[in-house]
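A short write-up of the structure that comes next.
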Number of protein chains: 2
Amino acid sequence: MSRAVFDDAEYERRLSRTRDRLREEDLDAIVVADPANMNYLTGYDGWSFYVHQAVVVTLEHEEPVWVGRQMDADGARATTTLSEPNIRAYSDDHVHSPHDLHPMDYVAGVLEDLEVADGRIGLEMDAYYFTAKSYTRLQQNLPEAEFEDATLLVGWVRVKKSDQELEYMHQAARISENAMQAGLDAIEAGVPEYEVAAEIYEALITGTDEYGGDYPSIVPLMPSGEHTGTPHLTWTDREFEDGDPVIIELSGCRHRYHSPLARTTFVGEPPAELEHTAEVVVEAVDAALDAAEPGVTCETVEKAWRDTIAKYDIEKEDRIGYSMGLGYPPDWGEHTASIRPGDETVLEENMTFHMIPGIWTEDIGMELSETFRITSSGAETLADFPRKLFRA
Amino acid sequence: MSRAVFDDAEYERRLSRTRDRLREEDLDAIVVADPANMNYLTGYDGWSFYVHQAVVVTLEHEEPVWVGRQMDADGARATTTLSEPNIRAYSDDHVHSPHDLHPMDYVAGVLEDLEVADGRIGLEMDAYYFTAKSYTRLQQNLPEAEFEDATLLVGWVRVKKSDQELEYMHQAARISENAMQAGLDAIEAGVPEYEVAAEIYEALITGTDEYGGDYPSIVPLMPSGEHTGTPHLTWTDREFEDGDPVIIELSGCRHRYHSPLARTTFVGEPPAELEHTAEVVVEAVDAALDAAEPGVTCETVEKAWRDTIAKYDIEKEDRIGYSMGLGYPPDWGEHTASIRPGDETVLEENMTFHMIPGIWTEDIGMELSETFRITSSGAETLADFPRKLFRA
């Protein structure tokens, strides 16, 4: 029984666009190791990326070939519609092997079978889980191959979303709204951070009345108190205190598609300065969203943000967003287009971004984010959640 | 304010043992990129491993040097006791840079500052998050350096746990018990898988009455029905049905230390064959635990399992366990010692393993796991949870 969540035609379109990019780059094949890209091209979905695995796409071989660990082959059968010869599995003695066997030795054999071992092969040189050793083992096994860096090749194919992908992202946005509300409701003085994280997690996985939630690629982040400027610390046993600012960044997830959302709340009476910062952030986010439409560049959207905060004598030149959607831990970003100075990517309908700017004064910060889709004439946010500083 | 969870003396011991290993391997330095190893050597803890980061240890420089993204430097200040000169941060234009800047260019500069750029440098060639590009950029930047594969160097230093590490693992075991009970209580016919996953997650993060739980390095896995043989598929919207076997594998986590636990339950009346399989699994797990003690090899423990199931005419030659403890997604395993044929690692007091064997007949499987510590004379399991086939 296949648990595939897109129809065959969608996978065929993805594969066809990937092959177009291979031809543009004069590549005979690509070895895809990023789990999000593997999923994108085949539907494969499992928590097996802690061992080496790959999807190989060549110009000539009709279907992609999934390569993974023996015990995960049934997972490939369950989540993809690949035919049996295109599910190739290595034995368990390749896993953390004391015998100098490496899964990429097996992948090299697959590339030989596919008759591209002396060709130009794209590798995702900077992708999660494609280690330095994966690379040197392919080199050693395939001395005739010419390897090229193709880290973002599939990423750029992913950048415009299909209707079905957008449907899953909208479903993820409903989950994000529920989880954000659960988090805001739970925060109060005396409550430990982990209890709030537990409430958020329960909401993220329970999802909605109609469907459940998948695990997000990043855990809910909740920097608070003196730590609102350290965005990637995770929760502790500390109890929230009166006077704490708290930033919640989270994402619902549906069939591996995300819709991240960040809001800031304050335990007790917020200082006037933070109230003011909040108004500036909201105005500048509104301005940036207003600037986003097909034909405009990413850096123009960032400039709308920067020009607005400049009116209040705030200077800040950062990346404020990035293209995103499908993802596995540790990230939901696609690593392609960024909303930042110098990024001349031209926006097109159905690109999707997470815009997450913030302003910090001393230790106290205000952060507010929206996931948005480029429409035919502007931008629509996926979640419907008030843009303001909350109070706990 | 430091959130360090071990005292300085413990970090000094870890560092000293790491330097001993460097000398044994004739290395001048090691670039540690595995987030678990970075934590082990410095205490650094944050969800920032989606960008490149490293800890550098040299023979000469007293403290380790943390290298990461500018916005994570405060996280390093909060979670480590490193002195300010040993927290080095690269600017944000290194992140998914369109200008061909790479974080490892910055790391190369740090290695130059530390005067090891022409030395023998260990790299974790097969570690999570140390990509092929990380390697080639270090090579390009440091043509005089001699790089050696040191993937497991810190892993072998980690294999024997300190009293404080064991205390956190015992705390994690309490959380595992609570979460397992929550999962078993929630499973019944008609309940969707995600609802059970949500209950488990809430229990994992809520922890116990005395302390909260950290996020586990692997999500709760819950293969069921026809999929008990596909261990790494995650939950869906499917409702449990009468006649479903369900395997729950999960781990509580405390300050990044784990204590994984797996049990099998059955919705309704289990078939006699599964009851029999369950008895065999329990007997063989008991036998393997009885065999574990200081001085014995890993493969001897596996043989006790295999000899027991052989009495029932079941043949199976697999890895049934691995050394574990500290971890970040995607894994809590240490990738060093494995409980499998051919692994001659000699057990020593305070090594910790997760033993997770299973037996499948056709599509129906029984899995049962224990996390255990080698004591002065045997093995003690960390969790206290009945070893049997459960019924939902």
Side-chain angles (χ1 to χ4, degrees), chain A residues 1 3 46-50 71-72 74-75 78-79 92 95-96 98 123 125-136 149 151 192 194-195 197-198 201-202 205-207 211-215 218-219 221 226-227 229-237 318-319 329-331 335 338 342-343, chain B residues 1 3 46-50 71-72 74-75 78-79 92 95-96 98 123 125-136 149 151 192 194-195 197-198 201-202 205-207 211-215 218-219 221 226-227 229-237 318-319 329-331 335 338 342-343:
Chain A
M1 183 196 76
R3 315 203 297 184
W47 190 286
S48 56
F49 40 91
Y50 70 93
M71 71 164 66
D72 295 317
D74 274 342
T79 57
D92 231 40
V95 177
H96 313 143
L123 300 178
M125 294 290 287
D126 214 16
Y128 300 125
Y129 309 116
F130 189 70
T131 64
K133 189 155 194 169
S134 293
Y135 174 53
T136 59
D149 186 359
T151 300
Y194 65 82
E195 280 192 19
Y201 249 120
E202 193 194 13
I205 311 301
T206 301
Y211 49 83
D214 211 340
Y215 59 90
I218 304 177
V219 294
L221 294 166
E226 60 175 322
H227 289 305
T230 52
H232 301 125
L233 295 184
T234 49
W235 63 85
T236 69
D237 288 0
D318 269 345
R319 184 171 87 146
D331 201 7
H335 304 180
S338 287
D343 193 315
Chain B
M1 183 196 75
R3 315 202 299 184
W47 190 285
S48 56
F49 40 90
Y50 70 92
M71 72 163 66
D72 295 318
D74 274 343
T79 57
D92 232 40
V95 177
H96 313 143
L123 300 178
M125 293 292 286
D126 213 17
Y128 299 125
Y129 310 116
F130 189 70
T131 63
K133 188 154 193 169
S134 293
Y135 175 53
T136 59
D149 186 0
T151 301
Y194 65 83
E195 281 192 19
Y201 249 121
E202 193 194 14
I205 312 301
T206 302
Y211 49 84
D214 210 340
Y215 59 90
I218 304 177
V219 294
L221 294 166
E226 59 175 321
H227 290 305
T230 53
H232 300 126
L233 296 183
T234 49
W235 63 85
T236 68
D237 288 359
D318 269 344
R319 183 170 88 146
D331 201 7
H335 303 180
S338 287
D343 193 315

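None of the values given here were measured: they were computed from a predicted structure.
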Restricting to non-hydrogen atoms, name the atom on [X] and the atom on [Y] that form the minimum distance, rounded to 0.1 Å.
X: A:Ala198; Y: B:Thr206; answer: CB-OG1, 3.3 Å
X: A:Thr131; Y: B:Met125; answer: CB-O, 3.4 Å
X: B:Ile205; Y: A:Ala197; answer: CG2-CB, 3.7 Å
X: A:Trp235; Y: B:Tyr215; answer: CZ2-N, 3.6 Å

(message) So which residue, A:Asp343, A:Thr136, A:Val219, ends up with the most heavy-atom pairs under 4.5 Å with chain B?
(response)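 The residue among A:Asp343, A:Thr136, A:Val219 with the greatest pair count is A:Val219.
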(request) For B:Asp214, enumerate each residue passing the side chain to side chain contact (heavy atoms under 4.5 Å, CB included) test, keeping only those at least two apart in sequence or located in another chain. (result)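 Expected list: A:Thr234, B:Cys253, B:Arg256.
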(request) Only counting residues at least two apart or in another chain, list the ones meeting side chain to side chain contact (heavy atoms under 4.5 Å, CB included) with A:Pro192. (result) A:Tyr194, A:Glu195, A:Glu239
(message) For A:Asp237, which atoms come within 4.5 Å of any heavy atom of chain B: side chain, backbone, both, or neither?
(response) side chain
(request) Could you tell me which portion of B:Thr151 (side chain, backbone, both or neither) has an atom closer than 4.5 angstrom to a non-hydrogen atom of chain A? (result) neither
(message) Using side-chain heavy atoms (C-beta onward) and a distance below 4.5 Å, is A:Tyr128 in contact with B:Pro330?
(response) no
Shorter than 4.5 Å, heavy atoms on both sides: which option in [options] has the most such pairs with chain A?
options: B:Asp74, B:Asp92, B:Leu221, B:Ile218; answer: B:Ile218
options: B:Leu123, B:Asp331, B:Asp72, B:Asp126; answer: B:Asp126
options: B:Leu233, B:Asp149, B:Asp318; answer: B:Leu233

(request) Drop me the distance from B:Tyr135's OH to A:Lys133's NZ, to the nearest 0.5 angstrom. (result)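 Rounded to the nearest 0.5 Å, the OH-NZ separation comes to 11.0 Å.
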(request) Report yes or no: does A:Trp47 contribute a side-chain atom to a donor-acceptor pair with the main-chain N or O of B:Pro231 at less than 3.5 Å? (result)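 Such a contact is absent between A:Trp47 side chain and B:Pro231 backbone.
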(request) Measure up the A:His232 and B:Tyr50 rings against each other and bin them: parallel (under 30°), tilted (30 to 60°), perpendicular (over 60°). (result) perpendicular
